[in-house]
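As the structure lists them, so they are numbered: ligands from 1, and atoms in each ligand from 1. Since the structure is predicted, the reported quantities are computational estimates derived from the model, not experimental observations.
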Amino acid sequence: MALSTDSSTDRDSREKITIQNVSRSYESTQALDDVSFSVSEGEFCCVVGPSGCGKTTLLRAIAGLDDPDGGSILVGGDPVTGPGLDRGMVFQEYALFPWRTVRGNIRFGLDRPACDCPDCEGRVRELIDLVGLDGFEDAYPKELSGGMKQRVGIARALAPDPEILLMDEPFGSVDARTRDRLHAELLDIWTQTGQTVVFVTHDIDEAVTLADRVIVMNADPGTVQSTFSIDLEHPRERTARDFVDHVAQIRDELGSPVDTNH
Ligand code: ADP
């Protein structure tokens with residue numbers, strides 16, 4: 001295991017997402033300042049940093065939900081000009097439709113919410129199985145736990161089979177045990193689908209549990225400070241020496257604990 005900052009030379013070099021000199025400001029706040037990095041195809045990349053360092057702004061820009069003031073974002077070599085079915089987004093606060101059932105929320109992800117063709121129904125069924133929600137197809141969000149709601153959010157994002165999964169602190173509101181289970185399930189899904197994942201968190205442990213590579217950001221203005229490769233087999237044991245060393249190194253880099261929002 002190499003505990004080192006990433007030189008990016010020994011990874012798969014097929015770039016899926018290229019972020020070039022991206023800047024975004026809101027009135028007097030420089031949310032992102034000249035941010036550049038790339039994510040390889042099939043890579044699980046976590047972005048960590050303190051609250052306000054621009055993580056959500058960056059993810060929204062990759063999703064095409066926000067337009068940076070400067071720089072460019074390429075997906076598969078093409079500039080992002082808006083949202084697309086090639087990128088699925090999972091939000092921290094679930095963002096489910098309260099008036100739709102589990103099935104209805106997932107179907108919405110197919111971009112054909114009113115369609116009841118056998119293909120759509122089959123795909124929804126497959127996704128319900130994938131995220132372990134059998135028996136809850138007809139439940140409404142208010143009848144579900146936080147972990148179950150986020151399973152629906154993940155299934156909805158996966159529905160159109162996107163090449164890229166963008167996740168904005170998706171497990172920030174669930175209890176620690178559920179989070180551990182969701183981590184394992186997410187890694188299973190990632191292994192099965194081979195998707196490229198960009199996962200935002202302020203929790204260093206979570207980043208080291210999941211990522212091939214961790215991008216560390218700084219606030220005020222939002223910049224990339226450094227990147228770390230995490231060359232550990234899954235499942236990762238949090239008490240293992242290598243794991244603890246990675247967490248300590250990233251924490252040192254940040255200068256102060258970032259997981260203070262819980
Ligand atoms: P993070 O996700 O790391 O907490 P954000 O991307 O949400 O950071 O925000 C980065 C900075 O930009 C923060 O200072 C935040 O207050 C500011 N910001 C984000 N969105 C807006 C907005 N719509 N209007 C004004 N300021 C914003």
Side-chain angles (χ1 to χ4, degrees), residues 6 17-39 43-75 80-83 87-96 146 149-150 153-154 157 164-174 179 182-183 186 196-211 213-228 230 247 249-262:
D6 174 32
I17 305 171
T18 313
I19 296 156
Q20 291 173 326
N21 311 107
V22 166
S23 298
R24 173 69 158 110
S25 51
Y26 300 99
E27 296 165 359
S28 59
T29 305
Q30 183 85 35
L32 296 172
D33 182 21
D34 200 24
V35 167
S36 298
F37 67 93
S38 59
V39 185
E43 187 178 24
F44 199 125
C45 177
C46 281
V47 180
V48 299
S51 193
C53 72
K55 301 183 295 298
T56 295
T57 303
L58 180 65
L59 211 61
R60 286 175 53 81
I62 300 170
L65 299 170
D66 187 61
D67 198 12
D69 307 321
S72 59
I73 298 180
L74 310 178
V75 167
V80 169
T81 54
R87 284 152 287 146
M89 180 107 174
V90 181
F91 301 89
Q92 177 169 11
E93 295 305 333
Y94 319 123
L96 303 181
K149 282 184 209 166
Q150 201 50 293
I154 292 170
I164 295 172
L165 197 54
L166 304 170
M167 308 186 81
D168 191 5
E169 304 207 27
F171 308 139
S173 305
V174 298
R179 191 157 59 234
L182 287 167
H183 285 160
L186 175 62
T196 305
V197 181
V198 183
F199 185 108
V200 159
T201 178
H202 58 264
D203 181 334
I204 301 171
D205 269 37
E206 180 167 56
V208 176
T209 299
L210 297 171
R213 200 158 51 107
V214 178
I215 310 287
V216 177
M217 289 186 71
N218 246 337
D220 233 2
T223 52
V224 170
Q225 184 169 332
S226 49
T227 69
F228 292 84
I230 313 291
V247 169
Q249 199 182 31
I250 295 172
R251 186 160 281 142
D252 280 355
E253 184 72 14
L254 280 158
S256 60
V258 292
D259 44 344
T260 53
N261 298 22
H262 286 307

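Side-chain N or O atoms of Lys55 include one that pairs as donor or acceptor with a backbone N or O of Pro50 at under 3.5 Å. Between the side chain of Thr18 and the backbone N or O of Ser38 there is no donor-acceptor pair closer than 3.5 Å. With hydrogens and angles disregarded, no donor-acceptor distance shorter than 3.5 Å links the side chain of Arg87 to the backbone of Ile164.
Nearest protein heavy-atom neighbour of atom 12 (O) of ligand 1: Ala31 CB, 3.5 Å. Closest to atom 19 (C) of ligand 1, if we only count protein heavy atoms, is Tyr26 CE1, 3.4 Å. Shortest contact from atom 8 (O) of ligand 1 to any protein heavy atom: Gly54 N, 3.2 Å. In terms of protein heavy atoms, atom 6 (O) of ligand 1 is closest to Thr57 OG1, 2.5 Å. In this structure, the protein non-hydrogen atom closest to atom 7 (O) of ligand 1 is Thr56 CB, 3.7 Å.
Minimum heavy-atom separation, Glu93 to Ser173: OE2-OG, 3.5 Å. Closest of all the heavy-atom pairs between Val90 and Pro170 is CG1-CB, 3.9 Å. Across all non-hydrogen atoms, the minimal contact from Gly54 to Leu32 is O-CD2, 3.5 Å.
Close contacts of ligand 1 with Pro50, meaning ligand atoms under 4.0 Å from a residue heavy atom, involve 3 (O). Of all the atoms in ligand 1, the ones that sit under 4.0 Å from a non-hydrogen atom of Ser51 are 4 (O). Residue Lys55 has at least one heavy-atom neighbour below 4.0 Å for each of these atoms of ligand 1: 1 (P), 2 (O), 3 (O), 4 (O), 6 (O), 8 (O).
In this structure, atom 15 (C) of ligand 1 has its sub-4.0 angstrom surroundings free of protein heavy atoms.
Not a single heavy atom of Ala219 sits under 4.0 Å from any atom of ligand 1.
When non-hydrogen atoms are compared, ligand 1 lies under 4.0 Å from the side chain of Thr29 (C-beta onward) but not from its backbone.
Taking 4.5 Å as the limit, some side-chain heavy atom of Ile204 sits within range of a side-chain heavy atom of Leu254.
An N or O contact shorter than 3.5 Å links Gly52 to ligand 1 by distance.
Checked by atom type, the side-chain pair Thr57/Asp66 shows no donor-acceptor distance below 3.5 Å.
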